[in-house]
Amino acid sequence: MATDEWRMCAEWLVRCQILPEDHKANQANANAFDIAQALRDGVLICHLLNQLSPGCVELKDFSPRPQMSQFLCMKNIRTFLQTCKKTFGLQDKDLFQPLDLFDVKNFRKVIETLSKLSKTDIAISKFRGFPREARKENLEHPYYNDLELLADGFPPDNYGEHDDEDIYGNLQDLANENELVDQEDIYDIVSPDQDDTDDIYNDIMQLQGHNRRSSERSLGLPAPTCKREHCVKELIDTEKNYVDALEMIVVHFIKKLSNSLSIQDKEIMFLNIEKLHDIHRRMYDDLYETVLSANPKIADIFIRYKSELILYGAYCSNLPIAQERIDKLCESEMYRQKIQECERQANEGKFHLRDLLSVPMQRVLKYHLLLRELIKNTDKAHPERQPLENALEAMQDLSLYVNEVKRDNEALQLIEEIQTSIVDLKMPANTSLRDYGRFQKDGELKVLSHMESKVRNRHIFLFDKVMLMCRARSETYSFKDAIVLGEFKIDDSQPKNDNQSRSSKNWNWPFILFQKCQGTAYTFFAKTEESRQKWLDSIQMALDNTQPAAGQNFIMYTFEKPRECDVCGKLLRGIFFQGYLCQDSKKAVHKECIGKESQIKPPARPPRVGQVTVQKARARKAYTGQPPPNGHRALKFNVNDVIEILDKSNQIFWKGRFRGEEGHFLADCVDLTKTVTRKASYIDVKSSGASNGGFVMFDRQESTASHNGASTPSKALETYPWYVDAMERDIAHANLDGCQDGAFLIRKSINPARNGLLSLSIKYANAVRHIKLNENKGKFYLVENKLFDSVPKLVDYYQNTTLADSFPDVNTTLRYPYKDIASNDNPCAQTTGQRVICYARVQYDYAATSTSQVSLAAGDRIAVTSKNGNDKGWWKGKNLTSGRSGYFPLAYVIEDD
């Protein structure tokens, strides 16, 4: 094959709308590994088959989000190869082997398979294949695409000595040196559009509106006169339409098919439909009655019905099974005719039964949207504003629960697949892999048992409670050993091993797991330093899940029935190890709620005006950030350091301030000192635009000196996405000039008059403004009547408060940190190369349970990079407070307007 056929392949994938035109593989300086890396997880090639022949690969047969799991990636690749044979007629000799792609062992064969696929009748009918025969003749020689050879002269001295293998020969080494990459931006392009199911929902709602019975009572509602009343009317009307849609399923399908279907088929196809019909009929009646009353209480109805609507968890997780059973039954002519006749009688055949069954899932996930819109149009002084906020919280909680039930069912299915693939797995009686927690990670490591002298290749499956070591076969695994993680500790202090044998090239990054009570130990070798760190992070996460540092007496637990957290009152998420059970009090809590007070206390009475109350503590032992404080920023300190205590509501981790930085730390590391309450002193500081006469409050000990600039150690700021260290004013201006309003950075000035002092540069109204960031003995400010203990706190304040209060010509908040902006002409920011769709503010704490997730703390700001998991209740983004990226529950944040 010609040496540039990988480029032709990339062009073909663009034509097939699988790769975006601006993908790295299409750039002038691209190489073959760029396209190999894009295809390695098998996601894009499975979507490719569905693009060529819609529906040939069912979503249940491959993982659209493998999250770099080798097991799932290999499953995707095998699904692709099997479908190429079954649907497209390729022969075994045309197909590459799974490891040819995943490990890039023979990428030349992968390109050959894709070329064969592109020239099948099915593919050719949609897109021109590759390579084009007319071009092939003159492109056989490698120097046409080898810039280094061309640079040596023409013709190259070694012309004719290279062959096609040189293009692909080093790809396996590159694969060993580079981990699989997250391709969320590409996944967003190729993933099936959720708008299809939304369209079905909207069409059915409209149809039911037209077909309403003449006795419908909602016609008696007064005509809306404002936006709020329109929102109420939409809520009532769509609820009535939904009740009618459920009734249509009950009357025209369940009752008419009851004599034809087996009890099992009926239960699978129509699980909970009749119960949901009864619930929503009553719920609609209550909504209608309250809207007509003199004192409407819409919020109370949603809060009251939340416990009954939990049925949706089971319904939505069963939906794919129900639809699959319908498809199976329709393979029989008799059942197909019966179902089609029901469809004609129900809605003149406009909608198929399998589509109608998706409507309940769409409806339950709409309630929080309807309530949010109602709140948006309800005045803050309205008596129902706060109750509606509570109802919104309840429906968001329900939405997250329903989505997590679906996700847990998928997780359990994956665990079952893994267990089935390990052909000789030895497990205790009456147990299965699901009893060992959630699946965290898998992949290849080299393992040395300290009882042996031979290093062995092993495929590792990591769960919360156990690590399985297996030997990989062609499509299955052979069980070899297991480590119960709770009995072991990690030693990650091992240096890089440069003395490995030639056969162990690239496997030089070790870590050790050793048993706490016995002498058993294993050394694991990873390919790269990055791979080693990912394994360590995943093992640490698994240990933190089963042995949470915030509560030694809490065990990870599967609750048989839906249950609310005894701390925050929200539902425990999902159906599988949903939360933690206190072995003493039997309280059930979320991971992030461990150690917190079980009820919200009234706020403490503030000190009298003119007094400052400070409680401090002295460190009796150092805190280095381990154990981590449940997803919060760790506040690190050494012995004898004095920490200002900000919050002691959590019994395990307190919040404090040290050297201007705030964070959480183990309460056990400090001893409280005496609480000091003293009168505040005041200093008159000149301030333009100050609303209180320019008076600024300081502690007396901090009021003896001031200067007109802020100089903060760069080490304390360099992790923040808005800090750029030293930068000239003109360069800051040029960098921000093409950005959207609200883009900003904080820099060290190079101007001789302010050398080393901080300045804020911000884009607003087609101009870049530069504002001095001043310090007055430990207090930071832009204007003298608004003081902050640190620069990050100042930035956080102005991210939520417009600068116009102090600078009338700059009517914007600090919206887009400069480091998160990838291109000057993009109106949205980007984070580490990914497009930022929007920003959001965290409402509730969330503790990550896998390394693919990101922990949240109330008040954190999130740069959202993907909403592709919206249908499952999850977004992906970067926590701008902690700097970490991952998935998070969308119900826990509020998107910025």
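Just so it is clear, the model here is predicted, and its values are computed rather than measured.
In this view, Phe302 and Tyr367 satisfy the ring pair (Phe, Tyr, Trp, His ring centres under 6.0 Å) rule, not counting sequence neighbours. Applying the side-chain hydrogen bond (donor to acceptor under 3.5 Å, both in side chains) criterion to Gln70, with sequence neighbours excluded, gives no partner residue. Residues that satisfy the ring pair (Phe, Tyr, Trp, His ring centres under 6.0 Å) test with Phe653, not counting sequence neighbours, are absent from this structure. Residues that satisfy the side chain to side chain contact (heavy atoms under 4.5 Å, CB included) test with Asp397, not counting sequence neighbours, are Lys306, Lys570, Leu571. Tyr623 pairs by the ring pair (Phe, Tyr, Trp, His ring centres under 6.0 Å) definition with nothing, not counting sequence neighbours. Taking Ser421 as the reference, nothing meets the side-chain hydrogen bond (donor to acceptor under 3.5 Å, both in side chains) condition, with sequence neighbours excluded. Asp265 is linked by a side-chain hydrogen bond (donor to acceptor under 3.5 Å, both in side chains) to Ser262, Arg325, counting only residues two or more places apart in sequence or in another chain. Listed by chain and residue number, Asp327 satisfy the side-chain hydrogen bond (donor to acceptor under 3.5 Å, both in side chains) test with Arg354 (two or more places apart in sequence, or in another chain).
Other residues, nucleotides and ligands contribute at most 12 non-hydrogen atoms within 6.0 Å of the CD atom of Glu529. Other residues, nucleotides and ligands place more than 12 heavy atoms under 6.0 Å from the CZ atom of Arg78. Within 6.0 Å of the NZ atom in Lys516, the count of heavy atoms belonging to other residues, nucleotides or ligands exceeds 12.
Rounding to the nearest 0.5 Å places CD of Gln843 at 10.5 Å from OH of Tyr892. The CD1 atom of Ile268 sits 12.0 Å away from atom CD1 of Ile263, with the distance rounded to the nearest 0.5 Å. In this structure, the separation between CE on Met395 and CD on Glu393 is 11.0 Å, given to the nearest 0.5 Å. Expressed to the nearest 0.5 Å, how far NZ of Lys596 lies from SG of Cys565 amounts to 8.5 Å. Remark: Leu400 CG to His368 NE2 distance equals 10.0 Å, nearest 0.5 Å. Here the straight-line distance linking atom CG of Asp61 with atom OG1 of Thr79 works out to 6.0 Å at 0.5 Å rounding.
Remark: Arg573 engages Glu592 in a salt bridge, criterion side-chain N to carboxylate O under 4.0 Å.
Every pair passing salt bridge (charged side-chain N to carboxylate O under 4.0 Å, His left out) that includes a residue from residues 403-413 is listed here, sequence neighbours excluded: Glu404-Arg407, Asp408-Arg438, Glu410-Lys872. Residue pairs that meet the ring-ring contact (aromatic ring centres under 6.0 Å, His included) test with at least one member in residues 401-438, sequence neighbours left out, do not exist here. Listed by first and then second residue, the ring-ring contact (aromatic ring centres under 6.0 Å, His included) pairs involving residues 558-583 are Tyr557-Phe559 (not counting sequence neighbours).
Side-chain N or O atoms of Asn272 include none that pairs as donor or acceptor with a backbone N or O of Lys275 at under 3.5 Å. Looking only at distances, a side-chain donor or acceptor of Gln419 sits under 3.5 Å from a matching main-chain atom of Leu433. Listed for the Asp100 side chain is no donor-acceptor partner under 3.5 Å among the backbone atoms of Lys105. Within the 3.5 Å criterion, the main-chain N or O of Lys527 finds no donor-acceptor partner in the side chain of Asn508. One N or O on the side chain of Gln440 and one on the backbone of Thr849 form a donor-acceptor pair closer than 3.5 Å. Using modelled atom types, one side-chain atom of Asn409 and one backbone atom of Val405 make a donor-acceptor pair closer than 3.5 Å. Counting only distance, with no hydrogens or angles, the side chain of Asn403 and the backbone of Ser399 share a donor-acceptor pair below 3.5 Å. Between the Asp845 side chain and the Ala858 main chain, a donor and an acceptor come within less than 3.5 Å of each other. In this structure, Ser585 contributes its side chain and Cys582 its backbone to no donor-acceptor pair below 3.5 Å. The closest donor-acceptor contact from the side chain of Arg434 to the backbone of Glu416 lies at 3.5 Å or more, if one exists at all.
Figure legend: Lys441 and Trp535 shown as a cation-pi pair, the cationic atom lying under 6.0 angstrom from the six-membered ring centre and within 45 degrees of its axis.
With no hydrogens or angles considered, a side-chain donor-acceptor pair links Thr523 and His450 at under 3.5 Å. For the residue pair Asp544 / Gln540, no side-chain donor-acceptor distance below 3.5 Å is found, with atom types taken as modelled.
When side chains are defined from C-beta on, Thr546 counts as touching Met556, because their heavy atoms get closer than 4.5 Å. Here the side chains of Met269 and Ile326 are in contact, with some heavy-atom distance below 4.5 Å.
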request  = Kindly determine whether Arg563 and Asp566 satisfy salt bridge (Lys or Arg N to Asp or Glu O under 4.0 Å), including the steps that lead there.
outcome  = CA-CA 9 Å; Arg563 184 163 174 178; Asp566 289 318; 3.4 Å; yes
task = Let me see the working for Glu308 and Arg304 under salt bridge (Lys or Arg N to Asp or Glu O under 4.0 Å), right down to the final yes or no.
result = CA-CA 8 Å; Glu308 293 192 66; Arg304 188 169 74 246; over 6 Å; no
task = Any chance you could lay out the side-chain contact (heavy atoms from CB on, under 4.5 Å) test for Asp491 and Leu513, step after step, and finish with the verdict?
result = CA-CA 6 Å; Asp491 178 2; Leu513 287 179; over 6 Å; no
query = Taking it one step at a time, do Tyr312 and Leu276 satisfy side-chain contact (heavy atoms from CB on, under 4.5 Å)?
reply = CA-CA 8 Å; Tyr312 276 100; Leu276 291 175; 3.6 Å; yes
inquiry  = For Met361 and Cys316: C-alpha separation, side-chain torsions, deciding distance, then whether side-chain contact (heavy atoms from CB on, under 4.5 Å) applies.
reply    = CA-CA 6 Å; Met361 182 176 71; Cys316 294; 3.5 Å; yes
Identify each donor-acceptor pair in which a side-chain atom of residues 467-483 lies under 3.5 Å from a protein atom, sequence neighbours left out, and give them as a table.
unit_1	atom_1	unit_2	atom_2	d
Ser478	OG	Asp424	OD2	3.0
Asp481	OD2	Tyr522	OH	2.6

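Using bins of under 30°, 30° to 60° and over 60° for the plane-to-plane angle, the ring pair Phe463/Phe439 lands in the tilted bin.
For the residue pair Ile77 and Gly42, the shortest heavy atom distance occurs at CG1-CA, 4.0 Å.
Aromatic ring centres of Phe62 and His47: separated by under 6.0 Å.
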